[in-house]
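Below is one structure, written out as structure tokens; comments come after it.
The structure presented is a predicted model; accordingly, all values stated were derived computationally and were not measured. Note that these values count all heavy atoms, side chains included, but never hydrogens, waters or copies made by symmetry. Proteins get letters first, then strands, A, B, ... in listed order; numbering begins at 1 in each.
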Amino acid sequence: MNVKENVQQILEHFHIEQFQHDLIDWFRTEQRDLPWRKNKDPYKIWVSEVMLQQTRVDTVIPYFYQFIEKFPTLDALADAKEEEVLKAWEGLGYYSRVRNLHAAVKEVKEKYGGRVPASKEQFSSLKGVGPYTTGAVLSIAYGIPEPAVDGNVMRVLSRIFYITDDIARASTRKKFEQIVSCIISHDDPSDFNQALMELGALVCTPKNPSCFLCPVQRHCRAFAEGVEAELPVKTKGKAPKHVAFRAIVLTNEEGKIRIEKRPSSGLLANLWQFPNDEHAPTPNEQAFIKEISERYHVVLRSIQRIGTFEHVFSHIVWHIEAYKGNALELQIDDETNKWVTVDELNQYAFPVIYQKIWQAYE
DNA sequence: AATACGTGGCA
DNA sequence: TTGCCAAGTAT
């Protein structure tokens, strides 16, 4: 059976207009008062959608306020230095999101005069703009009936239609996009898409869904069958790898701190960190002293242990043995290696794990 | 298709 | 405490 026939079959006996009405009516009275819902500024909607990728609403809210205050318009963000943009994102995670957003906004300023394109083709070609963000921004900001299928929507619809496809698989999202394309309200695509997500966040939750107060309970096949707790089907990923290494808060004779910029791709790209042996973990403290002395061209006689730190990423677990040490400085700064004062330290974006090490040092 | 890519919250 | 995330995208 091909995809279209499959979707046809799924939608058989489904009351589309009644569903739209029940869902949107609920959304209009029950939706949360969120900062990105104050207006339809495409730039602000876009920023919020990028921040919300894999990130909780409660976490995003303070970042959104601060980011918009700092970069109130698309042009303001386009004109900003990446250093400042990354700093505004510090602690939010998935930092390539904001580097892509920065690049995309620059492109919009140059090619489209600073106006976010309402064309699916043009908008979706921008860096960091995938199928979800395309649908979300075009529907919410411009009222264009495009599906915006995120984890909430897949969960809600897997229950409504009793769909048992594994939502961890990339291909499954396309099936849900087909379905949403068929059932989306053309009168109000914005409220429809947001309502589906809001329902997933407030009522049709991953655990213990509140079916008794669900506005679309009468449309839900999983509820009718009593299987809502079994859905959605989602296979789990593999266990993260463990990596152990050392890091050091290195001061010079002026009391300045040595920091270095991480590579421009990969984990925590372009963020700053303290000297470490992440890529070639040394077997003992003496070897670490030798390594740091040679790599940074400093005279380092002794180090003191600060403590052991663990940081869990989605795919890696870092175990860092942290030290402090004072060194005789023999090297000049460049773009990616600097001696900075304690005050200057807060201009640079650090991964959370290095913030923890700094706090322990102070 | 499968994996890389962050973080903090919650049961 | 350990697991599972939460409004995804790039490769």
Side-chain angles (χ1 to χ4, degrees), chain A residues 27 31-32 34-37 45-64 86 89-101 103-104 123-137 139-141 147-157 165-174 176-177 180 190 192-202 204-208 232 234-241 243 262-271 273 310-318 349-356:
Chain A
F27 179 68
Q31 66 173 295
R32 290 168 292 180
L34 300 173
W36 45 89
R37 287 180 176 162
I45 302 293
W46 185 6
V47 170
S48 74
E49 290 303 341
V50 174
M51 284 188 170
L52 286 162
Q53 289 169 12
Q54 302 291 285
T55 310
R56 287 182 161 77
V57 165
D58 289 343
T59 303
V60 167
I61 289 172
Y63 279 92
F64 180 79
L86 267 179
W89 207 267
E90 183 184 58
L92 249 193
Y94 285 145
Y95 299 94
S96 67
R97 287 185 294 175
V98 78
R99 294 195 303 117
N100 286 151
L101 176 63
F123 186 65
S124 65
S125 75
L126 297 167
K127 279 191 183 174
V129 178
Y132 166 75
T133 306
T134 300
V137 172
S139 65
I140 297 171
V149 175
D150 69 342
N152 285 126
V153 173
M154 289 197 284
R155 181 174 61 258
V156 169
L157 296 184
D165 296 39
D166 182 1
I167 66 166
R169 302 176 74 83
S171 59
T172 302
R173 196 202 66 248
K174 292 176 185 169
F176 286 106
E177 284 173 349
V180 173
S190 168
F192 182 87
N193 278 341
Q194 290 188 81
L196 229 34
M197 293 188 274
E198 195 80 339
L199 189 70
L202 301 181
C204 196
T205 48
K207 292 168 194 167
N208 308 312
K234 186 178 185 182
T235 57
K236 41 192 169 187
K238 55 175 193 175
K241 288 177 181 172
V243 181
R262 293 178 60 85
S264 58
S265 65
L267 185 64
L268 305 168
N270 282 2
L271 271 69
Q273 65 183 10
E310 183 185 281
H311 193 73
V312 181
F313 299 94
S314 32
H315 57 307
I316 303 171
V317 181
W318 270 2
F350 284 83
V352 166
I353 179 63
Y354 285 100
Q355 295 176 40
K356 287 179 187 166

Rounding to a whole Å, what distance do you find between [X]:[atom1] and [N]:[atom2]?
{"X": "W89(A)", "N": "dG8(C)", "atom1": "CH2", "atom2": "P", "answer": "12 Å"}
{"X": "R169(A)", "N": "dT3(B)", "atom1": "CZ", "atom2": "P", "answer": "11 Å"}
{"X": "I167(A)", "N": "dA1(B)", "atom1": "CD1", "atom2": "C1'", "answer": "17 Å"}
{"X": "K238(A)", "N": "dC5(C)", "atom1": "NZ", "atom2": "C1'", "answer": "19 Å"}
{"X": "D150(A)", "N": "dC5(C)", "atom1": "CG", "atom2": "P", "answer": "14 Å"}
{"X": "K234(A)", "N": "dA2(B)", "atom1": "NZ", "atom2": "P", "answer": "15 Å"}
{"X": "D166(A)", "N": "dA1(B)", "atom1": "CG", "atom2": "P", "answer": "12 Å"}
{"X": "R155(A)", "N": "dG8(C)", "atom1": "CZ", "atom2": "P", "answer": "10 Å"}

Measure from the side-chain N and O atoms of [X] to the backbone N and O of [Y], and report whether any donor-acceptor pair falls under 3.5 Å.
{"X": "T205(A)", "Y": "A201(A)", "result": "no"}
{"X": "Q31(A)", "Y": "A195(A)", "result": "no"}
{"X": "T55(A)", "Y": "Q53(A)", "result": "yes"}

Indicate yes or no: at least one non-hydrogen side-chain atom of Y132(A) is less than 4.5 angstrom from one of E49(A).
yes
task: Check whether any side-chain heavy atom of W46(A) sits under 4.5 Å from a side-chain heavy atom of V129(A), and report yes or no.
output: yes
Margin query: Would you say H315(A) places a side-chain N or O within less than 4.0 Å of OP1 or OP2 belonging to dA4(B)?
Written below: no
Side chain to side chain contact (heavy atoms under 4.5 Å, CB included) with L268(A): of P263(A), S96(A), P351(A), only one passes, and it is P351(A)
request  = Would you check if there is a donor-acceptor pair between the side chains of R97(A) and Q54(A) at a distance under 3.5 Å?
outcome  = no
Between D166(A) and T235(A): side-chain donor-acceptor atoms closer than 3.5 Å = yes
List the steps and the verdict of side-chain contact (heavy atoms from CB on, under 4.5 Å) for M154(A) and D165(A). CA-CA 10 Å; M154(A) 289 197 284; D165(A) 296 39; over 6 Å; no
How would you label the contact of [X] with the nucleic acid (heavy atoms, under 4.0 Å): base, sugar-phosphate, or nothing?
{"X": "G237(A)", "value": "nothing"}
{"X": "R99(A)", "value": "nothing"}
{"X": "R262(A)", "value": "nothing"}

Can you tell me, in whole Å, how much space there is between the [atom1] of [N] and that of [M]?
{"N": "dT11(C)", "M": "dG6(B)", "atom1": "P", "answer": "14 Å"}
{"N": "dC5(C)", "M": "dT1(C)", "atom1": "C1'", "answer": "16 Å"}
{"N": "dA6(C)", "M": "dC5(B)", "atom1": "C1'", "answer": "15 Å"}

Protein-nucleotides 7-11 of chain B N/O pairs closer than 3.5 Å?
residue, atom, partner, partner atom, Å
dT7(B), OP1, Y95(A), OH, 2.6
dT7(B), OP1, V352(A), N, 3.3
dT7(B), OP2, H311(A), NE2, 2.9
dG8(B), N2, R56(A), NH1, 2.4

Comparing K236(A) with S48(A), nearest DNA chain C nucleotide closer to 5' gives the residue K236(A)
Closest heavy-atom pair, A136(A) versus A148(A), reported as atoms and distance to 0.1 Å, is N-CB, 3.5 Å
Which protein N or O atoms sit under 3.5 Å from an N or O of nucleotides 9-11 of chain C?
residue, atom, partner, partner atom, Å
dT9(C), OP1, G130(A), N, 3.0
dT9(C), OP1, G130(A), O, 3.4
dT9(C), OP1, T133(A), N, 2.9
dT9(C), OP1, T133(A), OG1, 2.6
dT9(C), OP2, Y132(A), N, 3.2
dA10(C), OP1, G128(A), N, 2.5

The answer to which of A170(A) and I316(A) contacts DNA chain B further toward the 5' end, by nearest nucleotide, is A170(A)
